2 protein chains.
Amino acid sequence: MDKQVKDKKTAIMDVALKLFTERGFHGTSTAQISKEAGVATGTLFNYFPTKEDLINSLYFEVKGRLSACIKEGLDSEAPFEGRMKRLWSNFISCGVNKPEEFHFIGQFSSSPYITKITREEAMKEYEFIRALVEEGFRNGEIGNYSMELAMMILYQSSRAVVSLILDTGHLQDTDEIIEEGFEILWRGLAKN
Amino acid sequence: MDKQVKDKKTAIMDVALKLFTERGFHGTSTAQISKEAGVATGTLFNYFPTKEDLINSLYFEVKGRLSACIKEGLDSEAPFEGRMKRLWSNFISCGVNKPEEFHFIGQFSSSPYITKITREEAMKEYEFIRALVEEGFRNGEIGNYSMELAMMILYQSSRAVVSLILDTGHLQDTDEIIEEGFEILWRGLAKN
DNA sequence: TTTTAAAAATTGACTAATCAGTCATTGGTG
DNA sequence: CACCAATGACTGATTAGTCAATTTTTAAAA
């Protein structure tokens, strides 16, 4: 795949990410995407046989990008609380730094399009989060709560914080909000 | 407005709620709605001049229904923690008992289809939640966190718990999950 | 280096289906 | 009869996707 090809494909995916995030899947036509990407309508369908293929390709690409960002520096030998805090902090700063990706994933995973199977498949990318929380349970670092409940509260709270920062424009207060948010979360989840 | 009229209008809104939740705004055509509601396409446009009007009316209606459900029994003279727990418990049981309404609001509250006016109007319905949290701050029941942060974590955590119960079919464990969830939330937010 | 021709990439006019919304007509009720 | 809610065939616009024609790239031959 040479540079020209990669350029067009990348342009299509970049524009698709932007427009899907702004207007939703049904609200964005393939014509709009190809026009804004500066290619002909036919070109889009060379790379992505159907609109659904485009959405799925984009999903895996974006999911991978976020997943890689969140994983950074998580393999340390630090104490459990420190790694949880790193996960929390990564989650939020990745969301804040990649707002389109963040919104896209949020929209995609709660979309009525997505079958249970696809959603479960997507969850595998975040398996390491489950592993970390499970470790916390085994070692008694996290209180005696339902595993799924703790996971959901961790995940959705971090999403809530990203939305708070992005929607209200508190970009300069990010570090402080991360600290405060983790304090709330950790006091809630930790044993004693 | 006689019974006949109310019946048709209600039928349209009921079907619209169901289909919008299943397939999204753009994914649901006015033709599909009128067909499933058992009325002609023209009838839909008698009651709702445009699709956008239908969506906004429905949004307002559904938001009101959920709001009324969540408010139940909240005006008591109970201690602060008890009222917070009641709010939490109401939020979750309303979501679980009205899954279509819950998903509708969640999926579409950030949609461009909903006008700013409708959104601001609908936000007033939840003003009492803000008032309760504010009271907690003033009286030192809630720790010294950012108001918006506490609100967001409360709101999104409760949404997370509803999703957990609905998506995993833990319907019979609802009461237990509400208890556990509140323990996590309250330990996180409360002062000390 | 230049020529050349096959292969690959790109194009946009085109199609059938579907969209939101219209309106002259119909049918039921008081 | 008068009234008006209800109807569904209809419209112009838009949709995802096609494809024959054109341009660009490649690489080997002259």
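Being a predicted model, the structure only gives us computed values, none of them experimental. Each chain gets a letter, A, B and so on, in the order its sequence line appears, and its residues count up from 1.
- Listed nucleotides: D/dT7, C/dT22, D/dA16. Nearest to the side chain of B/T43: D/dT7.
- As a whole-Å value, the separation of A/E52 CD from D/dT15 P is 18 Å.
- One can place NZ of B/K9 at 11 Å from P of D/dA6, the figure rounded to the nearest angstrom.
- Cluster annotation: B/L58 and B/F60 are assigned to distinct hydrophobic clusters (Ile/Leu/Val/Met/Phe/Trp/Tyr, side-chain heavy-atom contacts under 4.5 Å, transitive).
- Taking every heavy atom of residues 30-42 of chain A and every atom of DNA chain D, pairs under 4.0 Å involve A/T30, A/T41, A/G42, by number.
- Below 30°, between 30° and 60°, or above 60°: for B/F20 and B/F25 the angle between ring planes is above 60°, a perpendicular geometry.
- When the C1' atom of D/dG17 is taken as reference, atom CG of A/D53 falls 12 Å away, rounded to whole Å.
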**OP:** Give the intermediate values and the outcome of side chain to side chain contact (heavy atoms under 4.5 Å, CB included) for residues A/S34 and A/F45.
**Re:** CA-CA 10 Å; A/S34 39; A/F45 288 100; over 6 Å; no
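- One atom, CG of B/N46, and another, C1' of D/dA6, lie 7 Å apart when rounded to the nearest Å.
- By the neighbour-count criterion of 12 heavy atoms within 6.0 Å, atom CG of A/N139 is densely surrounded, having more than that number from other residues, nucleotides or ligands.
- Between B/F91 and B/Y126, the two ring planes are tilted [angle within 30° to 60°].
- For A/Y47, counting side-chain heavy atoms from C-beta on, the closest listed nucleotide (C/dT11, C/dA9, C/dT22) is C/dA9.
- The cationic group of A/R159 lies under 6.0 Å from the six-membered ring centre of A/F102 and within 45° of the ring axis, placing it in a cation-pi geometry.
- If you check the side chains of A/D53 and A/T50, you find a donor sitting under 3.5 Å from an acceptor.
- Relative to the side chain of A/S29, the nucleotides D/dT15, C/dA20, D/dA6 differ in distance, and D/dT15 lies closest.
- For B/L44 and D/dT7, the CG to P distance is 11 Å, given to the nearest whole Å.
- Put simply, NE2 on B/H26 is 10 Å from P on D/dT15, counting in whole angstrom units.
- Atom CZ of B/R23 and atom P of C/dC19 are 10 Å apart (whole Å).
- Taking side-chain N and O atoms only, A/K8 has no distance below 4.0 Å to OP1 or OP2 of D/dT24.
- The CZ atom of B/F45 sits 16 Å away from the P atom of D/dA9 (whole-angstrom rounding).
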